[in-house]
Visitor: 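One structure is given below, represented as C-alpha cells, and several questions about it will come after.
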Amino acid sequence: MPTKTDRKLRSQEWYSGQAYENYARRAWLRAEGFPGDVFQNKPVIGICNSWSELNNCNAHLRIVAEAVKRGVWAAGGVPLEFPTISLGEMFMKPTTMLYRNLMAMDVEESIRANPIDGVVLLCGCDKTTPAQLMGAASADIPAIVVPGGPMLSGQWKDRKLGSGTDGRKLFDLFRTGRLTEEEWSEIEGGLSRSAGHCTVMGTASTMTSIAEALGMTLTGCANIPAADSRRLAIAELSGRRIVDLVWEDLRPSHIMTRQALENAVTVDMAIGGSTNAVVHLIAIAGRLGIPLDLPDFDTISRRTPWIANVKPSGEFLMEDFYYAGGLPAVMKEILHLLHADAMTVTGKTMRENLERAECHRREVIRTAAEPLHREGGTVVLYGNLAPDGAVLKQTAASARLLQHRGRAYVFENYAQMRAEIDREDLPIDKDTVLVMKNCGPKGAPGFPEWGHIPMPKALLDRNVDDVVRISDARMSGTSFGTVVLHVAPEAAVGGPLNAVRTGDEIELDVAARRLELHVPATEIAQRLSAFRPAPPQYTRGYGRLFLEHVTQANLGCDFDFLSK
Ligand code: FES
C-alpha cells in the first residue's frame with residue numbers, strides 16, 4: 001500500500017509545479033480563503049451533492065455535507081463540495097428515469113474534470129443513488145456513498161403511514177368516497193414529515209441498501225433516518241474514511257466486483273426490494289464491464305429467502321427496520337448466501353464488517369430459517385409476450401393471481417388508460433388482465449413508473465383490490481399488486497405487446513416464470529407485421545440523445561456508449 005509520502009496525488013497534477021497554470025489554480029482556489037499549505041499533497045475530497053430544494057428527499061444534504069467536511073479535515077484532507085443535477089422523484093416530468101443517465105454523466109464528468117483525489121457521494125431519492133454509483137464506477141477514483149436516510153414515518157391520527165404505499169391505498173378510499181376531503185388533507189400533511197427519502201422499501205431504500213451491500217458505504221450507513229443525529233455522525237466518519245481510501249487507492253472497480261454485484265442482488269431479494277433495482281444494477285454492472293443479466297436475478301431469487309418485513313411487501317417502515325438492526329442484521333442472517341470475503345470501503349471484508357451486527361426485533365427481520373417467503377422478492381418472467389424478459393415483485397402480489405389465466409383489456413397507451421380507468425361501464429371483471437402499451441424506455445419515452453395501473457373504479461366498487469396488470473413501464477418501489485413490468489422488447493420498438501388485443505387470453509404462471517399470450521404464433525406474427533414505429537417525441541437536445549442511445553430494460557437502460 002502506498003504511504004502518504006511516496007505517492008503523488010491526482011490533484012497535484014493541477015496544483016503542484018511552477019508553471020503559470022499551477023500558480024493560477026492555487027491562486028484561484030485561495031480566493032475561497034484557503035491558506036497556501038492546503039496544496040501540500042493533501043487528499044482533495046470532492047463532496048458530490050445532489051442537494052436540491054426541488055428534491056425534498058435530498059433537501060438536508062447540505063447539512064450532511066458539513067458533517068462530511070468535518071471528517072475530511074480531521075483526517076488531513078481538503079473537502080470541496082460541488083453540485084450536480086438532482087432528480088426529485090415527485091416533481092420531474094415526464095419521469096426522473098429520463099434523466100438518470102444525464103445525472104450519471106454529470107457525476108462522472110464532474111469527477112473526471114476536477115482536481116479531486118476521492119469523492120463522497122451524497123444521495124437519497126430514487127435515481128440519485130444509481131446515477132452516482134454509475135458515474136463513480138466510470139470515473140473510478142476512490143469513492144464512498146453517504147445516503148441521506150429515510151424520512152420519519154408518516155403519521156395520521158394513531159396510524160403510521162408509509163409513503164406511496166399507504167398513500168395509494170388511502171387515495172383509493174378517497175376516490176371511492178370513503179374518506180372526506182378534510183381527512184384527505186390531514187393525510188397529505190402527515191405523509192412526509194421530514195427530509196429524507198420514502199419510508200418504505202421503495203426504490204430509494206432499496207438502492208441505498210444496495211450501495212451498502214455493494215460495499216460502497218460504511219457499515220450500517222444506509223438505513224439511519226435522515227432526522228437521526230447518527231446520520232451526521234456516520235457522515236463525519238465517512239469523511240474521515242475517504243481520506244484513507246485515497247491513500248490506499250481503493251477504487252470502485254476494486255469494490256464493485258462480480259461478487260459484490262451478486263451480494264447486492266442477494267440483498268435485494270432478501271429485503272423484498274424494488275423492481276427498479278434490476279434495471280439500475282444491470283446499468284452499474286455495465287459501467288464496470290461486468291456481465292449481469294436477468295437470469296442472474298432469477299437464479300439468486302430462487303435461493304434467497306425474503307426476510308425483511310417492510311412495506312410495500314411487508315408490514316413495517318424503514319424507521320422500524322433501522323431500529324430492528326437494519327441492513328447489517330439482514331446481511332448477517334444471510335451471510336451463507338453472500339460472498340463474505342468481498343472487500344468494502346471500510347478496508348475490511350463484508351464478514352468482518354458484520355461481526356457485531358444483531359437483530360433486535362424478529363417481527364421485522366426474520367431468520368433465514370423462518371422467512372416471510374422462501375424465495376426473494378423479484379422474479380423474472382419469459383414467454384412469447386416477453387422474449388427478453390419481464391419482472392414481477394411476487395412478495396407484493398396477490399397469492400390468488402400468481403397462477404392466472406384471463407382475458408386482456410388493452411390500453412394502447414397511458415393517455416387512454418387515464419381516460420378510461422374510472423369508467424363505471426368498463427367491461428372488466430376480477431379475472432381481467434389489464435395490458436398497457438407504449439410506456440417503455442423509448443415509448444413513453446423515459447420508462448416512467450406508470451406500470452402500477454390504478455385499480456379501475458368499477459372493480460374497487462365491487463371490493464376487488466387487485467388484478468393482473470402487464471406493461472412495458474416501471475413501477476414505483478412503493479407500489480404493490482400483481483404487476484408485470486419491464487416487458488422487453490417494449491411495444492415502441494415492435495415488441496410482442498403490440499400483438500395483444502382486448503379479449504385475448506393471457507397466462508401468468510409465476511412458479512414456472514412464464515408469461516404467455518394464448519394466440520397462435522402465425523396470428524401473432526401477422527399482427528406484428530403491421531407494426532410501424534411512431535415518430536420520435538424528441539427531435540433535438542437531450543431527449544433526442546436519449547431516444548437514439550437508450551438500451552432496453554433487460555440491458556439496464558443506460559446509453560449504449562456509456563457501458564464498457
Ligand atoms: Fe424521493 Fe420517494 S420521492 S424517495
Side-chain angles (χ1 to χ4, degrees), residues 49-62 64 84-100 103 121-133 145-154 160-171 187-212 217 221-228 231 268 271-277 279-280 310-313 317-319 321-322 327 393 396 446-452 474-480:
N49 202 339
S50 57
W51 168 87
S52 169
E53 287 182 342
L54 283 169
N55 185 352
N56 59 293
C57 304
N58 294 15
H60 60 310
L61 291 183
R62 296 298 308 280
V64 176
T84 64
I85 57 167
S86 193
L87 308 176
E89 196 63 32
M90 279 297 146
F91 305 119
M92 293 187 83
K93 290 190 176 189
T95 166
T96 50
M97 188 62 185
L98 183 68
Y99 303 107
R100 182 201 64 179
M103 181 171 171
L121 304 160
L122 304 189
C123 55
C125 196
D126 291 14
K127 308 300 180 298
T128 58
T129 306
Q132 289 188 338
L133 285 168
V145 176
V146 180
M151 299 175 194
L152 295 173
S153 301
K160 278 191 179 182
L161 302 180
S163 298
T165 310
D166 290 304
R168 284 185 183 83
K169 284 181 183 160
L170 292 168
F171 187 62
I187 291 164
E188 183 183 292
L191 204 53
S192 301
R193 298 191 301 126
S194 74
H197 60 70
C198 287
T199 54
V200 299
M201 194 56 82
T203 306
S205 301
T206 302
M207 290 311 301
T208 53
S209 297
I210 276 177
E212 184 164 333
T217 72
C221 183
N223 310 138
I224 303 171
D228 193 308
R231 168 60 51 204
D268 177 37
I271 60 178
S274 163
T275 45
N276 289 318
V279 178
H280 298 319
V310 183
K311 291 182 180 186
S313 298
L317 298 177
M318 288 304 293
E319 254 192 282
F321 182 57
Y322 172 62
L327 197 70
K393 192 167 180 178
F447 206 14
E449 292 185 335
W450 293 342
H452 184 257
R474 294 179 304 114
M475 172 174 91
S476 164
T478 64
S479 293
F480 49 88

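All residue numbers refer to positions in the sequence shown, counting from 1. Whatever order the structure lists ligands and atoms in, that order sets their numbers, starting from 1.
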Visitor: For Trp51, which residues count as a ring pair (Phe, Tyr, Trp, His ring centres under 6.0 Å) partner, sequence neighbours excluded?
Guide: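 Partners of Trp51 by the ring pair (Phe, Tyr, Trp, His ring centres under 6.0 Å) criterion come out as none, since no residue qualifies.
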
Visitor: For Ile187, what residues pass the side chain to side chain contact (heavy atoms under 4.5 Å, CB included) criterion, not counting sequence neighbours?
Guide: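 Checked Ile187 against side chain to side chain contact (heavy atoms under 4.5 Å, CB included); matches are Trp156, Leu161, Leu170, Leu179, Trp184.
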
Visitor: Keeping to distances under 2.8 Å, can you name the protein N/O/S atoms close to atom 2 (Fe) of ligand 1?
Guide: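 Protein N, O or S atoms closer than 2.8 Å to atom 2 (Fe) of ligand 1: Cys198 SG.
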
Visitor: Could you check whether Arg100 and His280, counting side-chain N and O atoms only, form a donor-acceptor pair closer than 3.5 Å?
Guide: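 There is such a pair (donor and acceptor under 3.5 Å, judged by atom type) between the side chains of His280 and Arg100.
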
Visitor: I want to check a possible cation-pi pair here: Lys311 against Phe480, using under 6.0 Å from ring centre and within 45° of the ring axis as the test.
Guide: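 No, a cation-pi geometry is absent between Lys311 and Phe480.
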
Visitor: Does any donor atom in the side chain of Glu449 or Asn276 lie under 3.5 Å from an acceptor atom in the other side chain?
Guide: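 Yes - a donor-acceptor pair under 3.5 Å links their side chains.
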
Visitor: Can you name the side chain to side chain contact (heavy atoms under 4.5 Å, CB included) partners of Ser205, sequence neighbours left out?
Guide: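 Counting only residues at least two positions away or on another chain, Ser205 forms a side chain to side chain contact (heavy atoms under 4.5 Å, CB included) with His197, Met201, Met318.
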
